[in-house]
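Input: a single structure, listed below in structure tokens.
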Amino acid sequence: MFFLIDVNNFYVSCERVFNPALENKPVVVLSNNDGCVVARSNEVKLLKTVPMGIPFFQIKDIVKKHRIQTLSSNYALYANMSQRVMQSIQHFCPILEIYSIDECFVDVSDFDQAALIDYAGHIRNKIKQWIGVPISISIAPTKTLAKVANHLAKKSLSGVCDLRNPEIWNKTLSTFSIEDIWGIGRRLEKKLKSLNIQTAYDLMHYPAKQIRQLFSVNIEKTCYELQGIKCYPLEKFIPKKCIQSSRSFGRPVTELSELIEAISTYTSIACEKMRRQKSVVTTISVYLTTSRFNPLKNYYANQATISLQQPTNDTRKILASAIQAIKQLYQPNYLYKKCGISLLDLIPENQIQQDILMQVTHNTNISLIVDSINLKFGKNTILYGAEGIDKSWLAKSGSISQKYTTDWKELVVAKM
DNA sequence: TCTGGGGTCCTAGGACCC
DNA sequence: TCTGGGGTCCTAGGACCC
């Protein structure tokens, strides 16, 4: 039996904890570079005119008309708030899988089943009291059903939805649209509807084997999960298999020197993440692109994949390859919009295969020292020269809130 | 003028082996 | 002249998620 616990309107809720003036007002949070809407308060959702992911410039009039408060995203704050929420939940439910920044699955099979609803309510109150954000909790025998129940929990006053009773879940599924099911995207929606599968109930009763032939093993699993047969177990923490870092630029970039600064900055970010999960990398891929939205300007996009001689997590070595790659990709006379790096085929650092022809070296890994300094004194206390100092190409974030919980200089001040 | 970022998994098809 | 059958591995691209 699962709980699915998720924070309502997560980014907006985080902002409201530290800025109560935002309560009961329409609020949106924008993606990097203030590009798209990535979080909306309930007030905004009710307007029905601001869909998730819409480019900000397309809704400027609506924002003005309804006095929607607009915030740049503050990922340092959200990541820290996420940690706090997850740690608090673990206090009540030790076996959990963190599924995304704002939701987790919990195995509640060993709990007193008769008391589950009360327990969910209790957790909800405590998270609101301790962290300050509202959460919803759904209860169901499979993850897919828990996802369905979560939609209903969001709309209910209690914030809890129990879908354990097969009669209730059958009835619920008969009015639940196919496109709202976890794992059904736009393409599959279209194909399923062409077979006259309109609701979750229709999919649940379609022969699963046939679904597998027509679609894939995943949709077959979805079919079983709707019937209450568990196909997706709770996952333990698994290190990432690839780590990417990329950003759009705040303005068009034309100079190679600036691209080198940018790719160096992203490489440094990706490498730090890799070391945090104790992995090493053997293959990297670097890419570069102009804006794909401007039909008048020449479009150019290219990528280069490089195999490193030896698995490593040393930023200096990876930087050398990344810079070499960006030089190779660069073509003059284009207006570049974005570049990025992917660290591929990550393996645990304690499982490195030694190359018989390679000399064994025992260099001190300076990267680890850099990491520990930055952890102690704050991000970018020390950085690689190639990353540049001014970084005038950085993304825009016009209205970002303080790093209330992660930076000594920006802590919350309590006034008496 | 302005359009995000970071992931996972599956499948088909090519290349290769015996 | 006639050109099989069974298998593995890798990769690119598609689809999906938050």
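Note on naming: letters A, B, ... go to the chains in the order of the sequence lines (proteins, then strands), and numbering restarts at 1 for each one. Just so it is clear, the structure is predicted and the values come from calculations on it, not from any experiment.
Rounded to whole Å, atom P of dA15(C) lies 4 Å from atom CZ of Arg187(A). Across the protein-nucleic acid pair, Glu272(A) atom CD and dG6(B) atom P stand 14 Å apart, rounded to whole Å. The distance between atom CG of Leu4(A) and atom C1' of dC18(C), rounded to the nearest whole Å, is 12 Å. The interatomic distance linking Phe293(A) (CZ) with dT3(B) (P) rounds to 8 Å, in whole Å. Atom-to-atom, CD of Glu179(A) to C1' of dA15(C) comes out at 16 Å; the value is rounded to the nearest Å. Distance Asp102(A) CG to dC17(C) C1': 12 Å, rounded to the nearest Å. The distance between atom CZ of Phe10(A) and atom C1' of dC18(C), rounded to the nearest whole Å, is 12 Å. Separating the OH atom of Tyr232(A) from the P atom of dC9(B) is a distance of 11 Å, rounded to the nearest angstrom.
Within the 4.0 Å cut-off from OP1 or OP2 of dG6(B), at least one side-chain nitrogen or oxygen of Arg247(A) is found. In this model, the phosphate group of dG7(B) is approached by a side-chain N or O of Lys273(A) to a distance below 4.0 Å at OP1 or OP2. The shortest distance between the side-chain N/O atoms of Ser248(A) and the OP1/OP2 oxygens of dT3(B) is not below 4.0 Å. OP1 and OP2 of dC9(B) both lie 4.0 Å or more from every side-chain N or O belonging to Lys221(A). Of the side-chain N and O atoms in Lys147(A), one or more sit less than 4.0 angstrom from OP1 or OP2 of dC18(C). Here Ser31(A) does not reach the OP1 or OP2 of dT3(B): none of its side-chain N or O atoms lies under 4.0 Å away.
Which of dT8(B), dC16(C), dC18(C) sits closest to the side chain of Glu103(A) comes down to dC18(C). Of the candidates dC2(B), dC17(C), dG4(B), dC2(B) carries the atom nearest the Phe57(A) side chain, counting heavy atoms from C-beta on. The side chain of Ser216(A) approaches dT11(B) more closely than any other nucleotide in the set dC2(B), dT8(B), dT11(B). For Asn218(A), taking side-chain heavy atoms from C-beta onward, the closest of the listed nucleotides dG5(B), dC9(B), dC18(C) is dC9(B). Nearest nucleotide to the Arg292(A) side chain, out of dG5(B), dT11(B), dG4(B): dG4(B). Side-chain atoms of Tyr99(A) lie closest to dC18(C) of the nucleotides dC18(C), dC10(B), dG6(B).
Within the nucleic acid shown, Asp34(A) has no heavy atom closer than 4.0 Å to any nucleic acid atom. Among the atoms of the strands shown, only primed sugar atoms or phosphate atoms (P, OP1, OP2) are found under 4.0 Å from some heavy atom of Leu188(A). Residue contacts for Lys241(A): at a heavy-atom cut-off of 4.0 Å it reaches the sugar-phosphate backbone alone, with no base atom in range. Using a 4.0 Å heavy-atom criterion, one finds that Asn32(A) contacts the sugar-phosphate atoms exclusively. Within the 4.0 angstrom heavy-atom criterion, no nucleotide atom of any strand lies near Ile238(A). Here Ile54(A) lies out of heavy-atom contact (under 4.0 Å) with every strand. Among the atoms of the strands shown, only primed sugar atoms or phosphate atoms (P, OP1, OP2) are found under 4.0 Å from some heavy atom of Lys337(A). Using a 4.0 Å heavy-atom cutoff across all strands shown, Phe56(A) reaches no nucleic acid atom at all. Residue Ile101(A) is out of contact with every strand shown, counting any heavy-atom pair closer than 4.0 Å. Residue-level contact check: Ser245(A) touches the backbone only, with heavy atoms under 4.0 Å from sugar-phosphate atoms and none from bases.
Across all strands shown, dA15(B) is found opposite dT8(C) as a Watson-Crick or G-U wobble partner, with both distances under 3.5 Å.
If you run side-chain contact (heavy atoms from CB on, under 4.5 Å) between Val281(A) and each of Ile347(A), Leu343(A), Asp345(A), only Leu343(A) comes through.
Note: Phe105(A) and Trp182(A) have tilted aromatic rings, judged against thresholds of 30 and 60 degrees for the angle between ring planes.
Across dC16(B) and dG4(C), the matching C1' atoms stand 16 Å from one another, rounded to whole Å.
Judged purely by atom type and a 3.5 angstrom limit, Lys191(A) uses its side chain to pair as donor or acceptor with the backbone of Leu214(A).
Between Asp6(A) and Lys154(A) there is a salt bridge, since a side-chain N of the basic residue sits under 4.0 Å from a carboxylate O of the acidic one.
Using a 4.5 Å heavy-atom cutoff, the side chains of Lys171(A) and Leu173(A) are not in contact.
Nearest heavy atom pair, residue Gly340(A) against residue Ser246(A), reads CA-CB, 3.6 Å.
Closest-nucleotide positions on DNA chain B for Lys338(A) and Arg212(A) were compared, and the one nearer the 5' end corresponds to Lys338(A). Remark on DNA chain B: of its neighbouring residues Pro239(A) and Val38(A), the 5'-side contact belongs to Val38(A), judged by nearest-heavy-atom nucleotide.
By the neighbour-count criterion of 12 heavy atoms within 6.0 Å, atom NZ of Lys193(A) is densely surrounded, having more than that number from other residues, nucleotides or ligands.
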Practice prompt. Determine, step by step, whether Ser401(A) and Glu15(A) satisfy the side-chain hydrogen bond (donor to acceptor under 3.5 Å, both in side chains) criterion, reporting the C-alpha distance in whole Å, the side-chain angles of both residues, the deciding distance to 0.1 Å, and the verdict.
Written response: CA-CA 8 Å; Ser401(A) 48; Glu15(A) 297 287 351; 2.7 Å; yes
